[in-house]
Amino acid sequence: MAGSKLSNLTKRRQRAESSGEPFVDALRAALSHNRVKWDGASRSLHSHDASVFDGGNSGPVVYPETTAEVQAVVRLANQHGRNVVPRGAGTGLAGGAIPLGVPVVVAVTKMNAILEVDEVNRVAWVEPGVINLDLTKQLKPLGYHFAPDPSSQQVCTIGGNVANNSGGPHCLAYGVTNAHVVAMEVVLPSGDTAMLGGLEAEPQGFDLRGAFVGSEGTLGIVTKVAVRLTKNRPAVRTLLMAFDDVRDAANTVSDVIAAGIVPAAMEVMDKQITAAVENYVGAGYPVDAAAVLLAEVDGLDSGVDIDADRIAKIGRSNKATDVRLAESEAQRQLLWKGRKTAFGAVAQIAPDYYLHDTVVPRSALADVLEQIYEIADRYDLLIMNVFHAGDGNLHPLIVFDGRQEGVLERVHAAGGEIITASLDAGGVLSGEHGIGVEKQKFMSRMFTNDDLDHQNRLRQAFDPHCRTNPGKVIPSGHSCADIQSLRSVPNTVWG
Amino acid sequence: MSATLAVTDPTLLAFAEEVGETDAVAIEGGRTRWDLGGIPDGEPRLIRAPEGIVEYRPEEMTVQVRAGTSVGELHATLAAKGQRTALPERGGTVGGALAVGENDFRALGRGRTRESLLQVRYVSAEGKVVSSGGPTVKNVSGFDLPRLMVGSLGTLGCLAEVILRTNPIPAESRWLHAEGVDAQVVFDALLNPSAVLTNGTEVWVELEGHGPDVEQQTKVLASLGSFSDAEAPELPAHRWSMKPSDAATFTPVDGERFIATIGLGLIFTDSPQPRSELDPAVVVISERLKANFDPTGRLNPGRMPGRN
Ligand SMILES: Cc1cc2nc3c(=O)[nH]c(=O)nc-3n(C[C@H](O)[C@H](O)[C@H](O)COP(=O)(O)OP(=O)(O)OC[C@H]3O[C@@H](n4cnc5c(N)ncnc54)[C@H](O)[C@@H]3O)c2cc1C
């Protein structure tokens, strides 16, 4: 800075623009005025994510551009006794990014550079705000992609994927995000940085990288990630199979796995969702079928033919009424377009929906689906199913009109029963959306107090003072779950 | 496979009793990596984890197995149904393999050890059975303690029972060997080889998959050099872990023999790897972890992952 004149000027301007909030002023001094938002509209916008839960209460919203700026924000928050909530694109469905306790919201969306593509080590170093699909598009000319492909991939960030250990249709063969994060730089709740994991074959020490992935923004802020590059496969076969009974589709899925075939993807859509999708994009799905199964295998030419053949046979032996093989890349894209726009299609037909996410053993899919339809009948609700069948990941979609008297109570009660049915079948609470605020109260249905206490010990090794994204994941009654001035878990539904 | 809640299996409860809650204990597997992360301090009471396969569900590609079971025995049972796990077979136990966390040298084809653990049950320093993770192949319910347990050298809890992901054994597998070809070029030319190894002059490749796929990849190899069927090479005893790019250009001190794994980054050679320092911020968290999970330092005293 050239002399005191300039700094006096700056000081005067800052005084003139003082927000009246010392914390906000300190953040503005550290970043810049326009990258620290304190207006009602910005705060209100960042008080929600894509979940059905009511917003929280956002403090200032900051847009750092460098790791050093993230550190400065975290240190200032510590000095001012404020909590910190990391945020990507806000597409989370479990309320993970909802700010509780009026924290500073650290939106990493401006940190969106692909820093390096390292082909020998088969990794790309990216900033956390890089959009999932943008990375895959950038890698395409080099013959690689980023394997996790959540349905929200056009908007969600790599940082959000890491925090939620996100999945997608093609994670069946390739694994969820954890398998694709090699190393990462994080800003710890203390404000220090740490490099977790490493490009080495077997990084030394505890696998803090592994513990951080899926921690839903409670252990620190990801500022740089080395993600694994997956080689694009030269050959792909995509099959569409139609069934008169959703049970036959589910049985086909478990028979394929039992036969020792791990397809790249296996997705099931039931009659209701198929009709909605067909109406929306005209993907060529058979609308009279009770269920449609999309199965994809990839690899080398001869191998994919063998697997596609075997899958078709298994489908036929489970009474598939129609078995189609995509004849061209255009046909294949169309089949996937139907699957990928399923949520958009639903938005056309109902004002509100609540997307659930549980996992059951694949062999229990048919039984649990039957129970879900029974629950829908009992609560007089429309529940559509479009899900990652290959790994048993159910996504019951409750469609409703929130203006109807008493409907919310029924939606939540039905959701609770779906979770119970999944756990009773030997399943788990969440396959990819996480716990956030959505499933906190169900955690004690899956874990004992001692189990939860140990999860909390991990959390507090990173964040002893519970400053980062407090009030998430671990249920009430454990430290870091109950913090003064956190608002209670919201109950109304997004509309 | 039951949901995770409230462990009632008498074998696990008896193991918890044996671990107890006061004196220092060290858990023995096959002792194949006894000195890793430091030799146990003092004279801890030696204990062994329970043995046996609890439930194998080939159709789910999962197996529930007690930590004291040998990896060899587990793999023999799985092989009868055409499956395997990512765990390396070195004469040790399942719990030992997970606690050490090393990969099979063919990890590119078999998967990484750290990704194979779906659910873990361990006995805590307070003598309680703790569960984390779940029985399904996909799960993000809560903090990921299974990942933390892999490679923790038994310093955070005594592994009692786990659920592992299994994988189908490919229809065909074949080792090929050639001299005078560039191992990195070989690796880049293939789609997902299970292993590409080199000692600087020779190259060994393991191809796995459907017969016609293996055939096709063999043709790719033939275009690069004169490959012929071979056995896997013998691996020197010490393993070094480095970036794949460093492994590809590795030259040993004093011309020691070595085998480098291309694309993975392991080197097998005759002398131990000089350890590097951990990031100080990582050390702070690691020490807090240890203090939070084992406040009195009774589990495997003297050991710490990453310590020389
Ligand atoms: C239509 C739709 C379809 C979806 N489909 C899928 C799907 O197929 N599979 C799936 O897994 N998910 C799916 N999701 C959920 C969601 O898109 C994913 O969880 C995604 O990874 C969230 O990314 P985000 O950038 O929006 O994160 P946010 O919603 O902004 O944040 C999610 C969590 O990550 C934390 N976080 C964000 N950035 C960071 C960072 N840099 N450091 C530390 N913590 C951070 C936040 O605190 C929060 O807890 C879907 C959502 C929608 C709306």
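Scope of the values below: all heavy atoms of this structure, side chains included, with no hydrogens, waters or symmetry mates. Here is how names work: the chains are called A, B, and so on, in the same order as the sequence lines, proteins then strands, and each is numbered from 1.
- Counting heavy atoms from C-beta outward, Leu394(A) and Val368(A) have side chains that approach closer than 4.5 Å.
- If you measure heavy-atom distances from Val359(A) to chain B, the contacts under 4.5 Å come from both the backbone and the side chain.
- Between chain A and the options Asn292(B), Val140(B), Ile267(B), Asn139(B), heavy-atom pairs under 4.5 Å are most frequent for Val140(B).
- In this structure, Glu115(B) does not pair ionically with Arg228(A), as no charged nitrogen and carboxylate oxygen lie closer than 4.0 Å.
- Neither the backbone nor the side chain of Glu215(B) comes within contact range of chain A; no heavy atom of the residue lies under 4.5 Å from a heavy atom of that chain.
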List the steps, then state whether side-chain hydrogen bond (donor to acceptor under 3.5 Å, both in side chains) holds for Ser363(A) with Glu60(B). CA-CA 7 Å; Ser363(A) 50; Glu60(B) 293 294 336; 2.6 Å; yes

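- Salt-bridge check for Asp301(A) with Arg237(A): passed, with a basic side-chain N closer than 4.0 Å to an acidic carboxylate O.
- Between chain A and the options Val150(B), Ile169(B), Asp188(B), the largest number of non-hydrogen pairs under 4.5 Å is found for Asp188(B).
- For the set Pro168(B), Gly101(B), Gly265(B), Pro244(B), the entry with the most heavy-atom pairs within less than 4.5 Å of chain A is Pro244(B).
- Val137(B) touches chain A through its side chain: at least one heavy atom from C-beta onward sits under 4.5 Å away, while N, CA, C and O do not.
- Glu202(A) and Arg239(B) are joined by a salt bridge, as a carboxylate oxygen and a charged side-chain nitrogen come within less than 4.0 angstrom of each other.
- The residue among Leu452(A), Leu188(A), Asn164(A), Asp192(A) with the most heavy atom pairs within less than 4.5 Å of chain B is Leu188(A).
- Side-chain contact, Asn469(A) with Thr218(A): no donor N or O sits under 3.5 Å from an acceptor N or O.
- For Phe105(B), no part lies near chain A; criterion is any non-hydrogen pair under 4.5 Å.
- Highest contact tally toward chain B, considering only Asn456(A), Val262(A), Asp391(A), is held by Asp391(A) [criterion: heavy-atom pairs under 4.5 Å].
- Using a cut-off of 4.0 Å between Lys/Arg side-chain N and Asp/Glu carboxylate O, Glu432(A) and Lys138(B) are scored as salt-bridged.
- Ranking His388(A), Arg233(A), Lys439(A) against chain B, the residue ahead of the rest is Arg233(A), based on heavy-atom pairs under 4.5 Å.
- The residue among Gly209(B), Pro146(B), Ala291(B), Ser152(B) with the most heavy atom pairs within less than 4.5 Å of chain A is Ser152(B).
- Looking at heavy atoms from C-beta onward, Gln455(A) lies in side-chain contact with Met443(A) at the 4.5 angstrom threshold.
- Every residue meeting the ring-ring contact (aromatic ring centres under 6.0 Å, His included) condition with Phe293(B), not counting sequence neighbours, appears here in chain and number order: His454(A).
- Per-residue counts of heavy-atom pairs under 4.5 Å with chain B were compared for Ile435(A), Leu300(A), Leu429(A); the largest is that of Leu300(A).
- The candidate with the highest count of non-hydrogen atom pairs below 4.5 Å against chain A, out of Glu126(B), Glu287(B), Gln184(B), is Glu126(B).
- Chosen from Leu156(B), Leu148(B), Asp213(B), Val130(B), the residue pairing most often with chain A at heavy-atom distances under 4.5 Å is Asp213(B).
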